[in-house]
2 protein chains.
Amino acid sequence: MTGRPDTPRSRRERPAKPALTREGIVAAAVAVLRAEGLRKVTMRRLAEELDTGPASLYVYVRNTAELHAAVLDELLGTVGPTPAGGSWRERLERVLTAYTAMLFDHPELARSALTARPSGPHYLNLIENLLALLDEGGVPPAQAAWGVDLLLQHATATAAEHAGDGASKEDWDAVAAALHAASERTHPHIAGLAGPLLSGTPQARLTWGFQALISGIERTAVPE
Amino acid sequence: MTGRPDTPRSRRERPAKPALTREGIVAAAVAVLRAEGLRKVTMRRLAEELDTGPASLYVYVRNTAELHAAVLDELLGTVGPTPAGGSWRERLERVLTAYTAMLFDHPELARSALTARPSGPHYLNLIENLLALLDEGGVPPAQAAWGVDLLLQHATATAAEHAGDGASKEDWDAVAAALHAASERTHPHIAGLAGPLLSGTPQARLTWGFQALISGIERTAVPE
DNA sequence: ACCTGAACACCGTTCAAGT
DNA sequence: ACCTGAACACCGTTCAAGT
């Protein structure tokens, strides 16, 4: 026989049960996210993945929301630096577009980022980059500070909108139908603008949104 | 004895079990929302409230997301018309602020509205109002059409941000700490702007955001 | 301190069966 | 057609107990 002597072994044949750490938990979470989406990134599922019980995770992670925020910061690290070249405005748009593109791949994560603001190192780098570009463009610092929030909110919210709880498509059809069905009598502006209201790819709308935002941030003084 | 004769009656003493209708379900949902928040507006809880089983609700409502959207449209009906007076810009800000104020009372609803766009009658009225005001201000129709989305997104996302999964406060403290701890060396812009980055009441930021948005929408041409 | 089994208190959704 | 009991396949979080 080739088998080792009949000693008892753990139920699951794993190389070695790695010690539980915050990094290990976040890494497992990222893996599950990539493979099956955020809906499966649950305490119970992660515990199973790490060969322990759900209660053990609470030693390292306050709750599910905090876990999701940590996952986002982790993914933010994969976005990478934006290549130089072009005006500050173009580079600003490029940084924001890269960030949004990452979120588009994980819309449920965007959704959760709206509530549980990330505060990890990669997020800080992103903010620093945005502030630097706005500064280069001569945007008054106070406006830049508030503007960064507005820009990131637009990016995050736009990505979050594409988080289908499964519905998204029928949902959009319902909106389109409602707008087209709007009466000329009671809703003249909608009736006249049904086309533009529904036109544009998400990409085109996103870019236009960034441009409008930047333009507004430049010109709008902060109170006091 | 004052009691009626000992005839069998239904377990729960209810006047009459009302027929199940979509309106009845939505009304019950609004009641539960007001009393206990959106987290309790679940199929199972509503079924209990309506003295039936959860499966019965699926005859009238496709899923939980659709139910939440219907609830939002219902609440939108309570916002009421905005009083006249002031410039188109002031009135526009007032309509948006009233909408956001409603959402601030139900941040979890705002969160869900970001994904499951409402398309009910009250939402349509809101869009019509916004388009009318932008038109009055001479904003080119195509820009107004896309701009409405941007304005409502800002309102909704800002309200959603205040949806605490319980965390919100510690969460904000974490962001504040991270920003204050940013090194002068690696994050000079953050270090220099820690004050402005964290300043302003939600109300002040919201209003400034609307102003910046309106300014940008006015000046930014839609592609093609 | 760190870790965990077990429990508490829930979920959404589907389906076969009844009226 | 409308309605439903029961089941399937899960959740987050806490707590008392162990090492």
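First the proteins, then the strands, lettered A, B, ... as listed; each starts at 1. Below, each value reflects all heavy atoms present in this structure, side chains not excepted, and no hydrogens, waters or symmetry copies.
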Fill in: Partner nucleotide, any strand, of dA7(C) [Watson-Crick/G-U, under 3.5 Å]
dT13(D)

Worksheet item: Under a 3.5 Å cut-off for both distances, is dG18(D) Watson-Crick or wobble paired, and to whom?
Response: dC2(C)

Worksheet item: Mind checking the P distance from dA9(D) to dC10(C)? Whole angstroms is fine.
Response: 23 Å

Could you tell me the separation between the [atom1] atom of [X] and the [atom2] atom of [N], rounded to a whole number of Å?
X        : N       : atom1 : atom2 : value
Met43(B) : dG5(D)  : CE    : P     : 16 Å
Leu46(A) : dT13(D) : CG    : P     : 13 Å
Arg44(A) : dA7(C)  : CZ    : P     : 12 Å
Arg39(B) : dA9(C)  : CZ    : P     : 15 Å
Lys40(B) : dA9(C)  : NZ    : P     : 11 Å
Arg45(B) : dC10(C) : CZ    : P     : 9 Å
Tyr58(B) : dC15(C) : OH    : C1'   : 13 Å
Arg62(B) : dT14(C) : CZ    : P     : 11 Å

Practice prompt. Indicate whether OP1 or OP2 belonging to dC10(D) is found under 4.0 Å from a side-chain N or O atom of Thr42(A).
Written response: no

Discussion item. Hydrogens and angles aside, do His187(A) and Asn125(B) bring a side-chain donor and acceptor to less than 3.5 Å of each other?
Written reply: yes

Worksheet entry | Residue pair Thr158(B) / Gln153(A), side-chain donor-acceptor N/O under 3.5 Å | yes

Discussion item. Tell me if a side-chain donor or acceptor on Trp146(B) pairs with a main-chain N or O of Pro196(A) at a distance below 3.5 Å.
Written reply: yes

Response to the item:
Nearest heavy-atom approach of Leu150(A) to Trp208(B) is CD2-CZ3, 3.8 Å

Worksheet entry | Pairwise 5' ranking along DNA chain C for Pro54(A) and Val59(A), keeping only the more 5' one | Val59(A)

Practice prompt. Tell me which of Ala55(A) and Ser56(B) sits closer to the 5' end of DNA chain D, going by the nucleotide each one is nearest to.
Written response: Ser56(B)

